[in-house]
Amino acid sequence: MSEIPKAYEPQSVEDKWYQFWLDRKCFVADPARVSPKRPAYSIVIPPPNVTGVLTMGHVLNNTIQDILARKARMDGKEVLWLPGTDHAGIATEGVVARLLSKEEKKSKRDLGRDEFIKRVWAWKEKYGGIIISQLKKLGCSCDWTRERFTMDEDYARCVQKVFVDLYQKGLIYRGKRMVNWCPATQTALSDEEVVMKEQKGSLYYFKVEIDEQPGTFLTIATTRPETIPGDTAVAVNPRDPRYSKYIGKHVIRPLPAEFPREQKLIPIIGDEHVDFEFGTGVLKVTPAHDKADFEIGQRHNLAQIDIMHPNGHMNPLAGEALNGLDRFKARKVAVELLTGMGALEKEEPYTNNVGFSERADVPIEPRLSEQWFLKYPSVDKARECVEQEDDSVGRASSRAEFSDAKAGSSVASPHQKMRFHPQRWAKVYDHWMDTLQDWCISRQLWWGHRIPVWSKKANEDGPSITALQTQLNTFKQSGALIQMNLYTPHEKKEGATNVLQRDPQENYFIRLDVAVDPTEEKIISLLEQHGFTQDPDVLDTWFSSWLWPFATMGWTGDKSQHSSTPTLQAFYPTTDLVTGPDIIFFWVARMIMAGYEFMGDLPFENVYFTGIIRDKQGRKMSKSLGNSPDPLDLIGRYGADALRFGTMRSAPLGQDILFDEQNVELGRNFCNKLWNACRFRQMVGSGGSATGEVQGEIDPKLLTSDDKWILLRLDAAIREMNTAFAEYKFSDATATLYRFFWSEYCDWYVEASKAALSPVAANGSSLHSSAALPSAATRSNTLAVIDFVLSHTLRLFHPFLPFITEELWHGMGYAVDMPENQGGRTIMTAPWPKPLDDDFKSHYGLTGDDEKRIEARNELVSEGRNLRRNANIAANKKVKFILKPARELAAHDVEVLRLLLNADSVEVQANYQSSKSTMTVRTESGDLFLPLEGLIDVEAEKARLAKELQKIEAEAVKVEQKLANPNFTQKVPANVLQEHKQRLADWQAKREHTKAALAALQN
RNA sequence: GGGCGCUUGGCGCAGUGGCUAGCGCGUCUCGUUUACACCGAGCAGGUCGGGGGUUCGAAUCCCUCAGCGCCCACCA
């Protein structure tokens, strides 16, 4: 580090070191190196969408993972941070489809399935994974040799095998159900992909005539008049005295107007679901377009009339006037029609919650359709394994226990408990697990894992199916992974999940579904010969992501050898998962169930839930608001370390993060401070008698009080860091680093060390009679302390600031003396600092007393500076102070006082008497006087002292009263009592001193 | 309708029964002294959301009210 720039320039440093780490394979995990002495540590990245670009959310999430991974490496663990991307079905298909329509004016259907999928792959190769290169810019230490994609060939096989396996277990079934239908993307969605949004709309009241009692009308309130043509009943609460008498009668549905009367006759039914407080207490029932209505329909065996096309436009069953209209347009027209026929009674403004497609941001259309569903596996185990708050009473740091347990026995038995951080998410998880609904896993898309089911419909007496069934059974006996399900009309009566619905266009049919591992080519060709076709649907993207922790580690899906890959054996279960609470159900819960079901063990030991990044005003980051900063731009302007540090510093555990660019600026300033502190060490090192080389040995006999103090502060910082890591409190960790390095090391220690480092003093003479005469030996000793502290500090910083610490580690020469694998090559593998132990402390003579004495001396400095400011003495003007010490002070300390007070001299006078023109203050380590020789503003000083005295009085009285209370003195613990007595004595001493000073001014 | 979280100086936050309630940012004043103006020094600024209770002692524990936010839920 010869020519050191005055300011840190991250741009010239970051790429260099990232390449250095890659070249030396620093991020590559080797299962063979794992041993009881070198335990494994693993994280799988939450795979970002392959279409994604880096957002502040990614920065937060991945910085935390990188911090954990880098810390674990320094702890001597074998670390695997496994990266990759997610194929993100809907998102990716949407991106490519939009591109296609923009550039070629074609739809995906124009291209056809195979060609379209080719285009998606081409797009993926070209643009996909931009985010991967962005993660590298951030400094992420992922093992890129193991990068995975959820559509990789071997990953896809895992997905298919899992499907067949669950199908065999009877957990996957096909069913015609009410699903969340997205008319924009024209696919079914899971419940989790629906977000509720408050919508302002209207509640329309319309009347219907009771067929059996002409002239009697019921009024119905609805928000969706366009679905009237789909109504097949009107429901009232059977306990509702107003209406119960009408149950069993019929009403005439007003729409479609042109339909014959008998087609529009629908029954009035009684159902408990109807709330008689709401609206008029009469509910229109549309079993084909509303989830609750569907269930009412099931209970009363109502017909289902589907009046919409899949794209959300009305079909002919909605009637001439509505046919072809978009559902929202149809709503307006339906209202007009009702008004026209005099059926509309009123319309009132109404706000309700409407389900929206999370991806496409359009209202969901509840729609009856045939889909694949999964009954969740391993639910009980998954529910029990997450530690609830009540479980943990009396367990101070269970994470430490976890780590130790794992280190102790390398072959781990199945883990019992998993911890969430913050733990309150366990409750949310628990609640969801208690109310699990079957998961709709099929999607009407092309980009994704195609459902490995071949099926054929036939008439009930079709001979081909039975014959084929027999044939397939022989394959099955030979161990092929296939499963058949024969659907016959009879099953309908049993009300089972495998309900075969009557196909409206055809007669009853039977169907043979065959789930096959797609690698069973013989079987598939046999099926295809017999006219079987593969299900056109693909699986929900999360149906592949839920296997991520083990499908990425070489899991084959073959149960007999599921733990046979070295990677799985070494790194599964993973240690930590870092993710956002928004995907706790989508991903975390499902991974836990999959972990148990397919690996027989939980997938991770700890889950850290980050907060959500918001803007300064607390709004969510969003593209439409334009309030989402580009992290790459921030990295360009401030450096990756600055972005990381600024983000971590403002990200307390469990709370949302308000992003403010000022935080990044602060991170940059901090890096610069670190840079300059090292630069200072280089500059003082090359002058005087010491060379620029690292000073190794510290001589206990030559330590100054400040040296001892900073070593003790370093010790405290290391301990605090360890606690923060154990509790996943990264903002605490950065706060500790900030305080220790900036306030304690730079502001106090470095400034004080200048007394020992003074080149003048080192020459053996001094300009100041009161100054100590530090020898050259003391000087190099202080340099050695600085090197000790800095080399530890850099290591404490490294997980947070990987680039600048690597640059300084080498630049300062700290790498030189270290063994190759312990920091000699890179700070990445330098050992994490240990707290200073008792041996160390006694060898160097470090005691709590030293710490207190320096802090008392520093208080003297602060008070002295305060006096200066109150006397309006310019910061650069040299003055003389007089000190009447409470106890003996070393020459070094007096010299430090002189330096830090920017004084010509600090004279120690045991019997100094204050005079009229002297300002003064009493501190624990003595009375400080600032003689002003007539320059003093007596009135101002009187006022200041009076104010001071008032405050002192108030505090003294408070303590006096406490001590006067016998209840207090009797019940309070001895140490607290003692502390209060001391406090009173201190206040009284200050009171006396201030009174005396005030009195002196009166003369 | 249930559940969870939050409320401490202008802003963002620490502080789970006992130091004079801290920290960072910001504001203001002074300052180019052997790293750093991306800096240093100093001042100002808080009845800890309201009310009640437990206790010798409450920002901290309990009750209650209010406000804000999030999640879950089939009132059309």
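Quick note on labels: first sequence line is chain A, next is B, and so on, each numbered from 1.
Straight-line distance between the C1' atoms of B/C63 and B/U54: roughly 10 Å, to the nearest whole Å. The separation of B/A76 from B/C61, taken at their C1' atoms, amounts to 46 Å, rounded to a whole angstrom. When the C1' atom is used for both B/C28 and B/G45, the distance is 11 Å, rounded to whole Å. Taking atom C1' in both B/U29 and B/G69, one finds a spacing of 40 Å when rounded to whole Å. Across the P atoms, B/C11 and B/C74 are found 39 Å apart, a figure rounded to whole Å. Only the P atoms considered, B/C19 is 40 Å distant from B/A37, to the nearest whole Å. The same atom, C1', is picked in B/A14 and in B/A21; the two are 10 Å apart, to the nearest Å. Taking atom C1' on both B/C62 and B/U55, the two are 12 Å apart, rounded to the nearest angstrom.
Taking 3.5 Å as the limit, the base of B/C74 and the side chain of A/H273 contain a donor-acceptor pair of atoms between them.
For B/C48, there is no paired nucleotide, since no Watson-Crick or G-U wobble pair has both relevant distances below 3.5 Å. Shown here, B/C38 forms no base pair; nothing in the strands shown gives a Watson-Crick or G-U wobble contact with both key distances under 3.5 Å. Pairing for B/U7 goes to B/A66, judged as Watson-Crick or G-U wobble with the two contacts each under 3.5 Å.
Contact annotation for A/A735: no contact, since no heavy-atom pair falls under 4.0 Å across all strands. Within 4.0 Å (heavy atoms only), A/R649 reaches sugar-phosphate atoms of the nucleic acid but no base atom. When heavy atoms are screened at a 4.0 angstrom cut-off, A/L666 is found touching the sugar-phosphate backbone but no base atom. Within the nucleic acid shown, A/D660 has no heavy atom closer than 4.0 Å to any nucleic acid atom. Nucleic acid contact for A/H980: none, since no nucleic acid atom lies under 4.0 Å from a heavy atom of the residue. Among the heavy atoms of the strands, none lies under 4.0 Å from A/C671. Nucleic acid contact for A/R668: base, since at least one base atom lies under 4.0 Å from a heavy atom of the residue. Using a 4.0 Å heavy-atom distance criterion, A/N352 is classed as a sugar-phosphate-only contact. When heavy atoms are screened at a 4.0 angstrom cut-off, A/L658 is found touching the sugar-phosphate backbone but no base atom. Across all strands, A/W432 comes closer than 4.0 Å to no nucleic acid atom at all (heavy-atom distances). When heavy atoms are screened at a 4.0 angstrom cut-off, A/P973 is found touching base atoms of the nucleic acid.
Nucleotide B/A35 holds its C1' atom 17 Å from the OH atom of A/Y8, rounded to whole Å. Per the geometry, CZ belonging to A/F645 stands 19 Å off P belonging to B/C38, to the nearest Å. For the pair A/D747 CG and B/G24 C1', the computed distance is 13 Å after rounding to whole Å. Here the C1' atom of nucleotide B/G12 and the CD atom of A/E661 are 16 Å apart, to the nearest Å. With rounding to whole Å, A/E198 atom CD is found 13 Å from B/C75 atom P. Residue A/L757 contributes atom CG, which lies 12 Å from atom P of B/A35 at whole-angstrom precision. When the P atom of B/C30 is taken as reference, atom CD1 of A/I873 falls 15 Å away, rounded to whole Å.
Out of B/C75, B/G18, B/A35, the shortest distance to the side chain of A/F968 is found at B/G18. Picking from B/C72, B/C38, B/A35 the nucleotide with the shortest atom distance to the side chain of A/E751 gives B/A35. Closest contact between the side chain of A/E979 and the listed nucleotides B/G24, B/A73, B/C19 involves B/C19. When the nucleotides B/G12, B/A35, B/G42 are ranked by their closest atom to the side chain of A/S862, B/G42 comes out on top. Set against B/A76, B/C30, B/U33, the side chain of A/R869 has B/C30 as its closest nucleotide. Of the listed nucleotides (B/C75, B/A35, B/U29), B/C75 has the atom at the smallest distance from the side chain of A/F278. With B/C39, B/C75, B/A35 as the candidates, the nucleotide lying closest to the side chain of A/W742 is B/C39. Listed nucleotides B/C36, B/A44, B/A41 differ in distance to A/K673; the shortest reach to its side chain belongs to B/C36. The nucleotide whose nearest atom lies closest to any side-chain atom of A/R679 is, among B/C38, B/A35, B/G18, B/A35.
Remark: A/N866 is in phosphate contact with B/C43, judged by side-chain N or O atoms under 4.0 Å from OP1 or OP2. Checking the phosphate oxygens (OP1, OP2) of B/A76, a side-chain nitrogen or oxygen of A/Y350 falls inside 4.0 Å. For A/N669, a side-chain nitrogen or oxygen approaches OP1 or OP2 of B/C39 to under 4.0 Å. Regarding contacts with the backbone of B/C36, a side-chain N or O of A/K6 is found under 4.0 angstrom from either OP1 or OP2. Residue A/K427 places no side-chain N or O under 4.0 Å from the OP1 or OP2 atom of B/C72. Residue A/Y738 has a polar side-chain atom (N or O) positioned under 4.0 Å from OP1 or OP2 of B/C25. Regarding contacts with the backbone of B/C23, every side-chain N or O of A/S743 stays at 4.0 angstrom or more from both OP1 and OP2.
At least one donor-acceptor pair under 3.5 Å links the side chain of A/T222 to the backbone N or O of A/R224. Under the 3.5 Å distance criterion, the side-chain polar atoms of A/R668 are left unmatched by any main-chain donor or acceptor of A/R637. Side-chain N or O atoms of A/R868 include one that pairs as donor or acceptor with a backbone N or O of A/L901 at under 3.5 Å. Looking only at distances, a side-chain donor or acceptor of A/E193 sits under 3.5 Å from a matching main-chain atom of A/S190. A donor-acceptor pair under 3.5 Å links the side-chain atoms of A/D656 to the main chain of A/I612, judged by distance alone.
With the nearest nucleotide of RNA chain B identified for both A/R614 and A/V282, A/R614 has the one nearer the 5' end. Comparing A/D290 and A/T435 by the nucleotide of RNA chain B that holds the closest heavy atom to each, the one mapping nearer the 5' end is A/T435.
Checked against the 6.0 Å centroid threshold, A/W432 and A/F585 count as a close aromatic pair. In this structure, A/F968 has its ring center closer than 6.0 angstrom to the ring center of A/H980.
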Would A/K852 and A/E855 satisfy salt bridge (charged side-chain N to carboxylate O under 4.0 Å, His left out), going step by step from the backbone distance to the final call? CA-CA 5 Å; A/K852 278 195 200 124; A/E855 262 141 37; over 6 Å; no
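The aromatic rings of A/F670 and A/F741 sit perpendicular, their planes meeting at an angle over 60°, well past the 30° parallel limit.
For the side-chain hydrogen bond (donor to acceptor under 3.5 Å, both in side chains) test with A/T219, the passing option among A/K346, A/E345, A/K207 is A/E345; the others fail.
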